[in-house]
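Below: one structure, written as structure tokens.
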Amino acid sequence: MDQRIVMVDSGTGLKLTEEQLDERSAVAALRLRHKGVRAGDTVLICLPVGPDLLVATHAVIAADGVAWPLPVDLDQATLRDRIQESAARVMISNVQRALDAAEESRVRIVMSVADLSGASPSCPAGR
């Protein structure tokens with residue numbers, strides 16, 4: 001059976017199939033729920049455009065959360081303002097500028113792409 005490709009990473013050329021997206025999103029949604037994401041919770045997502053962003057967004061929606069995307073190219077002050085406006089407790093990001101901007105916000109749980117995939121032995125407990 002042909003695998004339907006839903007995304008090709010322009011940087012690496014890696015392809016993400018519909019089956020891979022479904023599998024990775026399901027695992028990530030379980031990880032989010034395990035970390036306390038509940039229906040209606042806002043989850044900030046600051047990742048470069050690519051498969052990880054797609055998986056994270058699908059996972060937040062599958063966990064009944066509200067995905068709040070933050071473009072990775074925003075300046076520090078704008079990132080800080082948007083993070084404050086969101087009132088989110090959870091952020092998915094590997095972008096240091098975004099992580100720094102979240103320091104004085106309500107964000108208490110920060111997850112990386114590796115945390116969502118279950119690749120790391122444990123998720124960071126927050127700050």
Side-chain angles (χ1 to χ4, degrees):
M1 179 158 97
D2 289 335
Q3 290 292 319
R4 191 173 116 178
I5 296 170
V6 294
M7 174 176 255
V8 178
D9 188 317
S10 61
T12 64
L14 293 175
K15 298 174 183 175
L16 182 68
T17 66
E18 188 172 27
E19 183 177 342
Q20 290 168 324
L21 174 61
D22 289 345
E23 289 172 3
R24 288 179 60 191
S25 297
V27 169
L30 288 173
R31 302 284 292 187
L32 287 167
R33 286 189 195 116
H34 176 75
K35 293 305 286 183
V37 174
R38 301 291 178 250
D41 284 353
T42 299
V43 178
L44 297 166
I45 304 171
C46 188
L47 295 169
V49 173
D52 291 334
L53 175 61
L54 186 60
V55 169
T57 303
H58 274 79
V60 171
I61 293 167
D64 293 324
V66 177
W68 184 305
L70 294 169
V72 296
D73 58 351
L74 292 176
D75 63 77
Q76 189 78 19
T78 304
L79 273 170
R80 188 174 47 254
D81 291 346
R82 291 200 184 171
I83 291 168
Q84 292 288 350
E85 290 169 8
S86 75
R89 296 181 305 106
V90 181
M91 176 190 285
I92 301 167
S93 185
N94 294 341
V95 178
Q96 190 59 51
R97 200 168 58 257
L99 300 175
D100 292 344
E103 282 296 321
E104 295 178 21
S105 71
R106 292 186 59 208
V107 172
R108 294 296 173 255
I109 301 168
V110 177
M111 299 179 76
S112 70
V113 171
D115 296 328
L116 289 179
S117 69
S120 64
S122 64
C123 294
R127 292 175 271 159

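Residue pairs meeting the side chain to side chain donor-acceptor pair (under 3.5 Å) criterion with at least one partner in residues 40-61, sequence neighbours excluded, are R24-D52, D41-R89.
Rounding to the nearest 0.5 angstrom, the gap separating the CZ atom in R108 from the CZ atom in R106 is 8.5 Å. Distance check, rounded to the nearest 0.5 Å: CZ of R4 to CG of L21 gives 9.5 Å. Note: R31 CZ to D115 CG = 6.5 Å, rounded to the nearest 0.5 Å. With rounding to the nearest 0.5 Å, the separation of CG in N94 from SG in C46 is 9.5 Å. Once rounded to the nearest 0.5 Å, the distance linking OG of S93 with CG of L70 reads 8.0 Å.
Of all the heavy atoms in R82 and P71, the pair that sits closest is NH1-CD, 3.9 Å. For K15 against I5, the heavy-atom pair with the smallest separation is CD-CD1, 3.5 Å. Across all non-hydrogen atoms, the minimal contact from V8 to G13 is CG1-O, 3.8 Å. Smallest separation of non-hydrogen atoms from V66 and G40: CG2-O, 3.9 Å. For the residue pair A88 and L44, the shortest heavy atom distance occurs at CB-CG, 3.7 Å. Contact record, L79 with A101: CB-CB, 3.8 Å, taken as the closest heavy-atom pair.
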Worked verdict on Q3 versus E19 for side-chain hydrogen bond (donor to acceptor under 3.5 Å, both in side chains) = CA-CA 7 Å; Q3 290 292 319; E19 183 177 342; 3.2 Å; yes
request  = Could you go through the side chain to side chain contact (heavy atoms under 4.5 Å, CB included) check for Q76 and D100 one step at a time?
outcome  = CA-CA 8 Å; Q76 189 78 19; D100 292 344; 3.6 Å; yes
inquiry  = Under the criterion side chain to side chain contact (heavy atoms under 4.5 Å, CB included), I'd like the reasoning laid out for V107 against L99: C-alpha separation, chi angles, the key distance, then a yes or no.
reply    = CA-CA 10 Å; V107 172; L99 300 175; over 6 Å; no
inquiry  = For a side chain to side chain contact (heavy atoms under 4.5 Å, CB included) check, start with the C-alpha distance between T17 and Q20, then their side-chain angles and the critical distance, and finish with the verdict.
reply    = CA-CA 5 Å; T17 66; Q20 290 168 324; 3.2 Å; yes
ask   = Can you check side-chain hydrogen bond (donor to acceptor under 3.5 Å, both in side chains) on D81 and T78, steps first, answer last?
value = CA-CA 5 Å; D81 291 346; T78 304; 5.6 Å; no
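By the rule that hydrophobic residues join a cluster once side-chain heavy atoms approach within less than 4.5 Å of another member, V43 and L54 end up as members of separate clusters. Hydrophobic clustering (ILVMFWY, side-chain heavy atoms < 4.5 Å, transitive): L47 and L16 are in distinct clusters. If you chain together hydrophobic residues whose side chains sit under 4.5 Å apart, V95 and M111 never meet in one group. Using a 4.5 Å cut-off between side-chain heavy atoms of Ile, Leu, Val, Met, Phe, Trp and Tyr, with links allowed through other members, M91 and L74 fall into the same hydrophobic cluster. Hydrophobic clustering places I92 together with V49 (ILVMFWY residues linked when any side-chain heavy atoms are closer than 4.5 Å, directly or through intermediates).
Judged by distance alone, the side chain of Q84 and the main-chain N or O of E104 form a donor-acceptor pair under 3.5 Å.
Tested against S25, the residues L116, V60, I61, V55 include a single side chain to side chain contact (heavy atoms under 4.5 Å, CB included) partner, V55.
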